[in-house]
Amino acid sequence: MAPKTVLITGCSSGIGLALAVKLAQDKQRRFKVIATLRNTAKKEKLEAAAGVALNRTLEIKELDVCDERSIRGCINSLPNRHVDILVNNAGVGLIGPIECQSIEAMKAVMETNFFGMVRMIKEVLPDMKKRRSGHIVVISSVMGLQGIMFNDIYAASKFAIEGFCESLVVQTLKFNVFISLIEPGPVVTEFETKIYEEAEKADYSQTDAETAEIFTKIYLKNSKAIFSSLGQSPEDIAEHTLKVIGAAKPPFRHQTNAIYTPMTALKHADPTGALMTDSFYKLVFKYDALLHVSLKAIRLLRWQAHKVRQGARLLGFR
């Protein structure tokens with residue numbers, strides 16, 4: 001079989017880079033990867049990671065999801081505009097008290113995370129429908145299912161993604177076009193690290209002192225602990241995404257971190273929302289010590305499991 005053409009957005013680092021490299025280095029050579037970046041001047045890290053796959057099973061192209069002409073130019077440069085699998089990965093983040101964020105910054109998040117995805121789908125979907133074949137993968141987040149304090153705008157962009165895809169998938173299935181939402185929890189990337197480093201240095205004078213203290217003393221502290229204990233690597237997410245892409249009947253939703261499943265299920269257990277909001281309120285403001293003890297225990301268990309897997313591999317077990 002001819003390799004499938006996979007176009008991935010946002011490949012300069014993180015999940016996009018890890019996924020592009022993983023697919024390009026597939027031992028079965030099932031994929032031809034079009035790894036796109038908004039700024040190809042930042043392609044060195046991707047080129048180095050691709051290794052011998054570069055210009056063989058991986059091709060780098062420029063594509064800005066906020067520019068329709070850039071998107072169309074990239075798609076038009078492909079033979080017959082053919083894209084078997086589109087992976088919408090490009091995204092930006094925004095955290096902090098709502099009073100400290102400008103409307104322009106909020107619009108920029110929606111412009112990339114939501115409308116960027118919409119532009120990409122609008123460009124490739126007509127061709128997929130004509131061929132009655134295709135797979136649209138969207139890197140969403142558990143924050144598209146469950147809002148998290150001080151992530152108001154980022155969560156809103158992911159909720160928009162989830163609602164859009166949930167509405168669209170019923171139509172696309174009629175044309176044998178699948179849509180899959182990949183929903184990671186915390187992922188340790190340069191993208192996330194930079195956001196939190198900037199947050200620690202930001203000015204919060206536009207909000208009240210109590211809210212500023214909740215953000216800097218509680219939220220940022222808890223976030224570091226959560227990322228340390230529960231965070232996945234970009235390579236983990238790439239592995240999950242490969243499994244979804246390779247499925248005979250791809251799932252519509254796929255959460256990559258099983259630990260988060262009970263948390264995202266709270267809102268469905270109680271339609272009033274009281275169970276979810278009360279649980280999170282108590283977790284943040286009443287049982288902070290218990291939260292950190294639990295996270296330390298999880299971190300220890302994950303470390304032990306990692307060592308067991310390493311040992312099994314050394315002994316020749318898979």
Side-chain angles (χ1 to χ4, degrees), residues 91-102 105-106 109 113 140-162 183-189 191-233 236-237 255-303:
V92 295
L94 185 66
I95 60 171
I98 197 76
E99 305 96 316
C100 303
Q101 298 168 354
S102 69
M106 297 177 195
V109 172
N113 295 4
S140 181
S141 168
V142 292
M143 275 194 265
L145 303 171
Q146 172 67 66
I148 300 295
M149 185 172 66
F150 292 120
N151 284 268
D152 321 82
I153 303 306
Y154 180 77
S157 73
K158 296 298 184 178
F159 265 75
I161 284 171
E162 295 271 335
E183 298 162 337
V187 183
V188 182
T189 67
F191 168 82
E192 297 288 351
T193 302
K194 184 178 179 182
I195 289 173
Y196 283 89
E197 286 178 350
E198 292 175 350
E200 289 177 335
K201 303 172 185 176
D203 174 20
Y204 300 109
S205 59
Q206 294 181 63
T207 190
D208 59 277
E210 185 175 4
T211 299
E213 185 171 354
I214 291 170
F215 177 67
T216 57
K217 304 296 184 184
I218 297 178
Y219 172 80
L220 290 179
K221 174 187 173 185
N222 288 349
S223 291
K224 284 183 178 179
I226 288 169
F227 270 82
S228 175
S229 300
L230 307 181
Q232 294 178 284
S233 69
D236 288 335
I237 310 306
Q255 290 188 35
T256 68
N257 195 327
I259 296 173
Y260 267 76
T261 302
M263 298 174 67
T264 56
L266 286 174
K267 65 192 301 180
H268 299 292
D270 175 16
T272 71
L275 177 61
M276 181 271 294
T277 53
D278 186 57
S279 297
F280 275 84
Y281 180 86
K282 288 177 178 176
L283 196 62
V284 172
F285 295 113
K286 290 191 175 183
Y287 304 130
D288 181 67
L290 178 60
L291 170 64
H292 283 270
V293 169
S294 300
L295 290 173
K296 286 180 181 178
I298 291 171
R299 185 162 65 246
L300 176 60
L301 289 171
R302 292 184 73 188
W303 178 81

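Every side chain to side chain contact (heavy atoms under 4.5 Å, CB included) that S205 has, sequence neighbours left out, goes to D203. With sequence neighbours excluded, the residues that form a ring pair (Phe, Tyr, Trp, His ring centres under 6.0 Å) with Y219 are F150, F215. Evaluation of the ring pair (Phe, Tyr, Trp, His ring centres under 6.0 Å) rule for F280 yields no partner, not counting sequence neighbours.
In terms of heavy-atom proximity, A199 sits nearest to I95 at CB-CD1, 3.8 Å. Looking at every heavy atom in both residues, G147 comes nearest to F159 through N-CE1, 3.9 Å. Of all heavy-atom pairs between T277 and A274, the closest is OG1-O, 3.2 Å. Residues V187 and S233 approach most closely at CG1-C, 4.0 Å, considering heavy atoms. Taking every heavy atom of both residues into account, Q206 and C100 meet most closely at CB-SG, 4.2 Å. Between S140 and E183, the shortest heavy-atom contact is CB-CG, 4.2 Å.
Looking at heavy atoms from C-beta onward, Y260 lies in side-chain contact with P186 at the 4.5 angstrom threshold. A heavy-atom distance below 4.5 Å is found between the side chains of K158 and I161. Using a 4.5 Å heavy-atom threshold, the side chains of I153 and I98 count as touching. Residues D236 and T256 have side chains not in contact (no heavy-atom distance under 4.5 Å, counting atoms from C-beta outward).
Q101 places a side-chain N or O within 3.5 Å of a backbone atom of G96 that can act as its donor or acceptor partner. Side-chain atoms of D270 come within 3.5 Å of backbone atoms of L275 as a donor-acceptor pair (strictly under, hydrogens ignored). The closest donor-acceptor contact from the side chain of N222 to the backbone of L220 lies at 3.5 Å or more, if one exists at all.
Rounding to the nearest 0.5 Å gives a distance of 12.0 Å between CE of M143 and CD of E162. Separating the OG1 atom in T261 from the CG atom in L266 is a distance of 11.0 Å, to the nearest 0.5 Å. Here CZ of F285 is found 5.5 Å from CD1 of I218. Values are rounded to the nearest 0.5 Å. To the nearest 0.5 Å, atom CD of residue E213 and atom OH of residue Y204 are 13.5 Å apart. Considering NZ of K267 and OG of S279, their distance stands at 13.0 Å, rounded to 0.5 Å.
Around CD of E210, the count of heavy atoms belonging to other residues, nucleotides or ligands within 6.0 Å does not exceed 12.
Evaluated for a side chain to side chain contact (heavy atoms under 4.5 Å, CB included) with S157, the options L94, N113, N151 yield exactly one hit, N113.
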